[in-house]
Amino acid sequence: MLFRVITGVAIAGSLIAGCGGGAGEVSPSRSASPADGVLTEAQARTILDRYTKGINQANAQLSDALLRSNQTGPMLEIYLAFYQRIRTR
């Protein structure tokens, strides 16, 4: 359960951080093309679903290898520490 909460917070934070406006924002009157570097909702959902499935598998198995294939940076280090703590109980 704790992993789901952490994953949810991390994903929500990432999504919120990426939602800011700015000069590169696509206007509603202009359709996004691959050249714009903008994902469609379907593409974003596919990526999020793949990420969630991978994290859930890693969590179920406490697998460092699966985790490393889906996570990087500080969140990887946090999860690895959680896995280690769970294994030592």
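Keep in mind it's a predicted model, so treat the numbers as computed, not measured.
A distance of 10.5 Å separates CD in E41 from OG1 in T46, rounded to the nearest 0.5 Å. Between atom CD1 of residue I86 and atom CD of residue Q84 there is a gap of 10.5 Å, rounded to the nearest 0.5 Å.
Listed here is the closest heavy atom pair of L67 and A58: N-CB, 3.6 Å. N70 and L66 make their closest contact through ND2-O, 3.1 Å (heavy atoms, listed as atom of the first residue, atom of the second, distance).
Evaluation of the side chain to side chain contact (heavy atoms under 4.5 Å, CB included) rule for E77 yields L80 as partners, not counting sequence neighbours.
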Exercise. Given Y83 and N59, is the side chain to side chain donor-acceptor pair (under 3.5 Å) satisfied, shown in steps?
Worked result: CA-CA 8 Å; Y83 285 8; N59 290 343; 2.6 Å; yes
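A donor and an acceptor atom, one from each side chain of T40 and Q43, are located under 3.5 Å apart.
Side chains of I55 and Y79 form a contact here, defined as non-hydrogen atoms less than 4.5 Å apart.
Counted within 6.0 Å of CZ on R87, heavy atoms from surrounding residues, nucleotides or ligands total more than 12; the atom is thus considered enclosed.
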